[in-house]
Amino acid sequence: MYETPELDPDAYLRSSAIRIHDAEGFEGMRRAGRLVAEALDMITPFVQPGVTTGEIDDRMREFTLDHGALPACLGYKGYTKTVCTSINHVVCHGIPGDKVLKAGDIVNIDHTVIVDGWHGDSSRMYPVGEINARARKLIDVTYEGIELGLAQVRPGNTFGDIGYAIQRHVEAARMSVVRDFCGHGIGRLFHDNPNVLHYGRRGEGATLKPGMFFTIEPMVNLGKPAVKVLSDGWTAVTRDKSLSAQCEHTIGVTETGLEIFSASPTGIFRPKFD
Ligand code: MF3
Ligand code: CO
Ligand code: CO
């Protein structure tokens with residue numbers, strides 16, 4: 001039997017259905033997405049050789065709190081930091097600390113804010129000083145992958161269309177898509193239904209509908225897709241020690257396509273190399 005969220009809030013939270021949000025949800029997500037993008041913009045000039053990941057974490061936490069938002073990761077399932085900082089062969093969920101960034105590193109900074117109960121979740125790659133051609137190529141393919149995935153977002157297409165577009169591009173470049181982590185529904189909940197796979201087949205999976213909110217956050221490895229989680233319980237690394245990259249947007253499906261809530265106000269989501 002179908003129960004409306006108003007009648008039974010617990011049934012709403014338990015439901016595996018993909019939530020459809022209204023105009024008020026879009027308003028909330030616009031504000032959350034903008035703030036997470038502003039935080040990732042703000043940190044850009046500080047990602048330099050010699051800085052520690054802990055210093056980056058401190059700046060991101062202070063910026064978030066100063067703007068009246070909450071850092072969603074802080075305290076989430078026992079996580080003790082504001083952001084994830086994933087360097088080189090770290091795939092995701094690297095924990096900030098004393099680690100010093102050095103020239104040639106590539107680091108993903110993943111941040112999630114809560115603004116008036118709405119979540120904005122985004123991550124980008126940051127090259128540290130000059131990086132080599134293989135690292136540049138990996139970052140380019142990862143961003144091309146998310147762009148091709150985003151281009152599939154419109155009512156009537158499926159989640160499989162998104163995954164297929166990403167996987168096809170990554171594998172054509174002889175790189176691999178990580179299978180063990182995926183994107184997710186988002187909104188008032190941080191991690192909601194559905195799982196958003198970054199691989200798949202055209203036409204498979206749920207059909208996209210206006211009002212769905214979710215992340216797309218492909219992780220791409222130069223080597224094989226296999227990952228393992230270190231003994232800290234968080235840090236995921238490539239098993240073959242190959243370089244890994246990721247980027248993430250929070251989006252909403254509209255009547256005609258999509259709205260990218262976490263778009264950078266200054267247009268610096270994607271690092272450009274000359
Ligand atoms: N921001 C990550 C995501 O994209 C989640 C990090 S959870 C944490 O879903 F606890 F590790 F911070
Ligand atoms: Co996410
Ligand atoms: Co994230």
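Indexing begins at 1, ligand by ligand and atom by atom, following the structure's order.
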Novice: Return yes if a side-chain donor-acceptor contact under 3.5 Å exists between H89 and T238, otherwise no.
Specialist: no
Novice: Which protein heavy atom lies closest to atom 9 (O) of ligand 1, and at what distance to 0.1 Å?
Specialist: H191 NE2, 2.7 Å
Novice: Give the name of the N/O/S atom in E248 that lies closest to the Co ion (ligand 2).
Specialist: OE2
Novice: Between F213 and W118, is any pair of side-chain heavy atoms under 4.5 Å apart?
Specialist: yes
Novice: Starting from atom 4 (O) of ligand 1, what is the nearest protein heavy atom, named by residue and atom, and what distance separates them?
Specialist: E217 OE1, 2.9 Å
Novice: Does this structure show an ion pair linking E62 with R59, if we count only N-O contacts that are shorter than 4.0 Å?
Specialist: no
Novice: Just checking, is any N or O donor in the side chain of N221 or S244 under 3.5 Å from an acceptor N or O on the other one?
Specialist: yes
Novice: Does D140 come within less than 4.0 Å of R136, counting only side-chain N to carboxylate O?
Specialist: no
Novice: Before signing off on this row, confirm whether W234 and ligand 1 have an N or O atom pair separated by under 3.5 Å.
Specialist: no
Novice: What heavy-atom pair brings D121 and T112 nearest, and what distance separates the two atoms?
Specialist: OD1-OG1, 3.0 Å
Novice: Using 2.8 Å as the threshold, say whether any N, O or S atom from E217 sits that close to the Co ion (ligand 2).
Specialist: yes
Novice: Using 30° and 60° as the class boundaries, would you call the ring planes of W234 and H93 parallel, tilted or perpendicular?
Specialist: perpendicular
Novice: M212 and side chain to side chain contact (heavy atoms under 4.5 Å, CB included): which single residue from V253, T207, V153 fits?
Specialist: V253
Novice: Do any heavy atoms of H111 fall under 4.0 Å from ligand 1?
Specialist: no
Novice: Of all N, O or S atoms in D110, identify the one at the shortest distance from the Co ion (ligand 3).
Specialist: OD1
Novice: Would you indicate whether the side-chain heavy atoms of R30 and E259 approach each other to under 4.5 Å?
Specialist: yes
Novice: Residue-level breakdown please: for D121 versus ligand 1, do any non-hydrogen atoms fall below 4.0 Å on the side chain, on the backbone, on both, or on neither?
Specialist: side chain
Novice: Taking only heavy atoms of E248 into account, list the atoms of ligand 1 that are under 4.0 Å away from them.
Specialist: 4 (O)
Novice: Nearest heavy atom to atom 12 (F) of ligand 1: which of C73, P71, G233 does it belong to?
Specialist: C73
Novice: Among all protein heavy atoms in this structure, tell me which lies nearest to atom 5 (C) of ligand 1, with the distance rounded to 0.1 Å.
Specialist: F190 CZ, 3.8 Å
Novice: So is K77 touching ligand 1 or not, going by heavy atoms under 4.0 Å?
Specialist: no
Novice: Of all the N, O or S atoms in D121, which has the shortest distance to the Co ion (ligand 3)?
Specialist: OD1
Novice: Applying a 4.0 Å heavy-atom criterion (strictly less than), which segment of C84 is in contact with ligand 1: side chain, backbone, both, or neither?
Specialist: side chain
Novice: Would H184 count as a contact for the Co ion (ligand 2), in the sense that one of its N, O or S atoms lies under 2.8 Å from it?
Specialist: yes
Novice: Under 3.5 Å, N or O to N or O, is Y76 touching ligand 1 that way?
Specialist: no
Novice: Numbering the atoms of ligand 1 from 1, which are under 4.0 Å from a heavy atom of T112?
Specialist: 1 (N)
Novice: Just checking, any donor-acceptor pair under 3.5 angstrom between side chains of H184 and E217?
Specialist: yes
Novice: Give me the residue, atom name and distance of the protein heavy atom closest to atom 2 (C) of ligand 1.
Specialist: D110 OD2, 3.3 Å
Novice: So is K81 touching ligand 1 or not, going by heavy atoms under 4.0 Å?
Specialist: no
Novice: Assert yes or no for the condition that the ring centre distance of Y76 to H191 is strictly below 6.0 Å.
Specialist: yes
Novice: Would you call D41-R34 a salt bridge at under 4.0 Å N-O?
Specialist: no
